[in-house]
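Before any comments, here is the structure.
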Amino acid sequence: MSYELIGIAVLWTFLFGYLIVASIDFGAGFFNYYSTVTGKNHLVGKVIYRYLSPFWEVTNVFLVFFFVGVIGFFPRTAYYYGTALLIPGSVAIIMLAIRGAYYAFNTYGLSQHRSYMFLYGATGVLIPAALSTVLTLSEGGYIEEVPGIAGGSRIRLDYAELLLSSYSWSVVLLAVVSVLYISAMFLTYYAASAKDAAATEQLRRYALAWSLPTIVSSLFVFISIREHSRWHFDHMIRWSPMFVLSFCCFAGAVVLVWRRIRYGAAFGLVMLQFAFAFYGYGAAHLPYLLYPYLNIKDSVTGDAMAWALIIAFIAGFCLLLPSLILLMRLFLFDAKYVQDKLILEQGKERAE
Amino acid sequence: MPAYDPVLYARILTFATLAFHIVFATVGVGVPILLALAEWIGIRRKDPHYLLMARRWARGYTITVAVGVVTGTAIGLQLSLLWPAFMEMAGQAIALPLFMETFAFFFEAIFLGIYLYTWDRFNNPMIHFLLLIPVVLGSSASAFFITTVNAFMNSPVGFRLENGILTDVQPLVAMFNPATPSKVSHVLLSAYLTVAFILAAFAARGLLRNRRHEYYRKSLKLNMIAAAVFALGTIAVGDLSGKYLAEYQPEKLAAAEWHFETSRSAPLIVGGILDKETRRVSFGLKLPYMLSFLAHADPHAEVIGLDRFPDDEEPPLVIHYYFDLMVGIGIYLLIVSALAAIGSGWRRFKTLADNRLLLRGVWLGGPLAMLAIELGWMFTERGRQPWILVGFMKTGEGATTSEHVDLMLVLFCSLYLMLGLTVVRVLSRMFANRPPEAELNDPVAPRLSAQIEEESEEPES
Ligand code: HDD
Ligand code: HEM
Ligand code: HEM
């Protein structure tokens with residue numbers, strides 16, 4: 001495999017990791033607020049809080065890893081996307097900042113505050129919408145290279161085109177809906193492992209409610225991508241088995257949750273569902289990073305740096321994997337922790 | 001109205017983001033080490049006071065880390081948004097440490113998460129202490145990696161530029177450039193120093209308010225002994241940084257010292273007011289031979305002056321004040337911490353530790369240390385101007401050409417203002433509502449310390 005393929009595969013994997021962990025986190029924020037409004041928070045609030053606490057920082061690092069890695073492997077993306085994304089990028093940063101900081105203030109510092117919960121819930125839906133526009137832009141047609149003032153060229157983002165395009169809206173819709181679906185599926189499983197029957201039942205209802213919209217909005221994306229980027233659609237047809245498998249996993253997950261059995265396996269299927277679709281979409285997108293200006297071959301960094309990054313990645317991974325497993329064993333899969341038998345310091349302080 | 005200039009706004013926005021992030025980054029690098037010291041002493045001596053210190057600092061740390069993480073994420077993205085051309089070029093040579101920095105964060109974030117939620121989970125408290133080691137390593141490693149990036153901007157090596165194309169990239173050479181050793185060690189030591197002073201300042205404040213609990217004395221002692229060591233190190237390495245400048249960036253040193261003519265046996269000017277036209281300094285304190293000595297460890301050595309550089313490559317002369325203030329604060333911190341360490345360390349000098357003037361000095365040292373950090377960064381970054389990558393790319397060439405950078409500047413400044421105010425409010429509530437005395441008698445006080453008190457019923461060693 002060439003450097004650029006290894007590079008993009010690694011980065012895509014991190015983006016997939018972010019997609020899953022961030023969706024759980026974003027959706028959890030939304031359900032936490034939503035359940036408060038509908039008076040169901042006493043059922044699900046504790047499960048959500050339990051999961052979120054030790055994990056929020058780790059979630060953020062996945063994103064940082066992705067964008068730092070992209071600049072490293074494909075430095076030219078910095079120039080194109082960096083110039084074009086000033087406003088959407090800044091807005092996303094500000095929302096991420098507000099979300100992260102106020103979550104910490106709320107959990108470790110002040111008492112629970114309804115307005116913080118609202119901020120947390122609302123940004124959870126808006127951030128995926130903002131971030132998903134990067135994928136939209138990569139299809140081409142929104143970013144143009146125009147002649148600059150003092151000779152040379154300038155990168156420009158056509159906001160009118162972006163805001164009026166049905167494709168960009170279908171991506172936003174899919175992003176938001178999938179966040180809620182993934183999150184509800186995970187929390188159902190998490191509540192079930194905590195043997196919290198009431199929460200499981202409530203979250204299961206959310207999960208099922210968001211399953212149909214997920215599949216409908218992905219169909220929507222298929223249709224509009226055909227209109228917008230024929231080249232990408234044609235590649236996707238070549239990768240169609242991936243999308244068929246993705247659908248089968250979806251069907252399997254919904255059936256399991258419907259029949260109230262094997263929530264863990266159901267969540268595994270959800271991850272597979274998104275993995276197939278995500279890698280299928282990504283593979284079909286190659287070789288372009290930004291159609292038609294950037295492709296992975298021309299914009300990859302030099303050999304020496306590519307090697308250095310790959311070695312650093314392997315070394316880092318060997319360090320991180322055991323640590324991540326430790327974190328999960330301590331908090332995610334430790335029955336005692338999940339079932340809330342331990343009195344934790346933070347919880348105690350809250351109780352006072 | 002001046003014309004819209006994206007370069008100017010990009011510079012101001014970078015300044016705002018970095019100046020804000022540095023505060024939290026510095027705390028983030030320094031706290032884990034002092035936390036580890038306190039917890040270790042607490043466990044070894046079975047002393048609940050030190051354990052409580054560790055707990056309280058860790059609790060505050062969760063808040064500052066959160067802000068460090070979100071502002072750091074902002075910088076990481078902003079670098080590409082505001083300096084796309086620079087990142088495209090520099091990314092080819094210096095992406096390695098940037099990439100490794102994320103691993104360091106990742107590592108730190110995971111263990112910090114575990115550490116914060118496992119105070120009472122292990123029967124052997126040493127296991128909980130061990131969890132801190134990756135946190136210390138991770139935070140210092142991230143400072144190390146990011147500082148090598150900044151060092152590279154000051155002395156770019158490890159590549160060749162041919163017709164605008166970078167070739168022959170050697171990532172490790174770029175990372176371990178001539179600026180790296182002095183810069184990294186100065187940044188790390190000054191962060192440790194600053195945090196030790198900030199923590200001591202809280203203890204000094206308690207003592208000044210006549211809260212004569214042992215807790216405050218122990219905290220003062222621990223932090224002041226550490227600070228004295230770190231202050232010595234910071235100054236020693238600061239001297240090395242000066243020698244680095246003399247060799248590799250003489251224009252920065254010359255601008256910082258208002259040294260206009262290349263000469264031997266150069267004097268050092270402290271303070272003063274510069275007449276821009278005649279380049280005469282009035283009111284300055286002139287220390288003969290000192291500049292030659294500082295730059296080359298030889299009072300008669302030749303020091304290159306600004307006359308050797310074209311006018312349009314001259315750094316802003318205001319950095320003179322940044323440098324002098326930083327050095328002045330450094331000397332102040334060393335004196336204060338040495339006195340306080342002696343006073344709290346040796347019984348014979350005990351009155352020293354109760355001296356209200358000295359306590360006030362310690363209290364003032366906290367904010368001053370943080371000011372020195374800001375000044376130090378302003379000194380290196382402005383002193384690098386007009387270059388963003390010394391000798392290769394000017395700041396104006398690296399900047400974005402987008403519209404609306406001014407609007408983004410307003411948005412981000414509001415964000416930092418809001419975050420800054422909330423942090424202060426949250427932290428002061430967190431600590432003011434529960435002073436350590438109350439927490440020590442608290443029925444729900446840390447179980448860990450209770451455990452240890454039980455064990456310590458056996459006679460102490
Ligand atoms: C508590 C903070 C603090 C204190 C007391 C000092 N410094 Fe400092 N200094 C820094 C915090 C700092 C810093 C924030 O860490 C900087 C900014 C960039 C860097 O590399 O370190 C810095 C930069 C910096 C540089 C520029 C390096 C460069 O541009 O490459 C020099 C020459 C010195 N320092 C020298 C000194 C000396 C001689 C000191 C003697 C008292 C001193 N510093 C005290
Ligand atoms: C170790 C990390 C860094 C720190 C702590 C830091 C700190 C600072 C500070 C405090 C300033 C304001 C100086 C002033 O104008 O008064 C500044 C300016 C600036 N920094 Fe850095 N910087 C770092 C690394 C970087 C990196 C990686 C870039 C890459 C683009 C960068 C680019 C700039 C630019 C362009 C300015 C504007 C200079 C000016 O207008 O004076 N810095 N930085
Ligand atoms: C000497 C200057 C700097 C130091 C000491 C420093 C250190 C830190 C620390 C301690 C954190 C908190 C992370 C944690 O505790 O988990 C942080 C966050 C971060 N910093 Fe800085 N930083 C500096 C400058 C910069 C610069 C110039 C950049 C831009 C490349 C940067 C990028 C980041 C990022 C991306 C994060 C967030 C990482 C995460 O999500 O965990 N930092 N930094």
Side-chain angles (χ1 to χ4, degrees), chain A residues 53-55 57-58 60-61 63-65 67-69 71-73 75-76 78-83 85-87 89-90 92-94 96-98 100-105 108-110 148 154-155 301-302 304-305 308-309 312-313 316 319-320 323-324 326-327 330-331 342 344-346 348 352, chain B residues 59 62-63 65-67 69-71 73-74 76-78 80-81 84-85 87-89 91-93 95-96 98-103 105-107 109-114 116-121 134 166-167 169-172 400-402 404-405 408 411-412 415 419 422 426 429-430 444 446:
Chain A
S53 301
F55 276 91
E57 249 198 309
V58 175
N60 196 50
V61 189
L63 176 68
V64 176
F65 197 100
F67 65 68
V68 171
I71 307 292
F73 276 104
R76 286 181 66 195
Y79 179 64
Y80 281 85
Y81 281 110
T83 314
L85 286 176
L86 179 71
I87 295 177
S90 299
I93 297 172
I94 289 177
L96 278 168
I98 292 179
Y102 282 85
Y103 171 72
F105 296 158
Y108 308 122
L110 301 167
R154 220 168 70 79
I155 309 299
T301 190
M305 183 56 82
L309 291 177
F313 173 78
L319 191 70
L320 284 185
S323 330
L324 259 181
L326 179 67
L327 181 72
L330 280 174
F331 295 111
L342 274 163
L344 288 152
E345 183 190 28
Q346 309 285 356
K348 268 192 302 190
E352 285 166 33
Chain B
R59 226 180 281 149
T62 55
I63 303 290
V65 164
V67 182
V69 169
V70 298
T71 52
T73 310
L77 274 164
Q78 242 178 26
S80 301
L81 298 178
M87 286 304 277
E88 179 185 5
M89 176 164 159
Q92 295 170 53
L96 181 65
L98 269 180
F99 191 62
M100 293 185 10
E101 192 205 6
T102 23
F103 276 113
F105 281 138
F106 214 148
F107 194 53
I110 291 174
F111 281 93
L112 188 63
I114 300 179
L116 290 175
Y117 285 88
T118 49
W119 280 98
D120 302 319
R121 203 152 159 184
L166 279 183
T167 56
V169 175
Q170 295 168 284
L172 288 176
T400 181
T401 49
S402 294
H404 310 300
V405 184
M408 296 304 118
L411 281 181
F412 276 102
L415 173 73
L419 286 181
T422 323
V426 171
R429 265 207 213 175
M430 190 184 244
V444 286

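Throughout, protein chains are lettered first and strands after them, A, B, ... in sequence-line order, and every chain is numbered starting at 1. All values below were derived from every heavy atom in this structure, side-chain atoms included, with hydrogens, water molecules and symmetry-related copies excluded. Keep in mind that what you see is a predicted model, and the values were worked out from it rather than measured.
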Rounded to the nearest 0.5 Å, what's the gap from CG on A/L63 to CG on B/L77? Could you check?
6.5 Å
Can you find a heavy atom in the side chain of B/T102 that is under 4.5 Å from one in the side chain of A/F67?
no
Residue pair B/A95 / A/G72: nearest heavy atoms and the distance that separates them:
CB-CA, 3.4 Å
Heavy-atom cut-off 4.5 Å, strictly under: side chain, backbone, both or neither for B/L415 against chain A?
side chain
A/I71 CD1 to B/L98 CG distance, which is reported to the nearest 0.5 Å:
9.0 Å
With a 4.5 Å heavy-atom cut-off, do A/V68 and B/E101 have their side chains touching?
no
d(A/L326 CG, B/I114 CD1) to nearest 0.5 Å is 4.0 Å
Max heavy-atom pairs within cutoff under 4.5 Å with chain B, candidates A/A308, A/S323, A/A92, goes to A/S323
Identify the heavy atoms of A/A312 and B/L96 that sit nearest to each other, and give their distance.
CB-CD1, 3.7 Å
Could you check whether the rings of B/F103 and A/F313 sit parallel, tilted or perpendicular, using 30° and 60° as the cut-offs?
tilted
What's the spacing between B/F107 CZ and A/L320 CG if we round to 0.5 Å?
7.5 Å
So which atom in A/I93 and which in B/A74 form the shortest heavy-atom distance, rounded to 0.1 Å?
CG2-CB, 3.3 Å
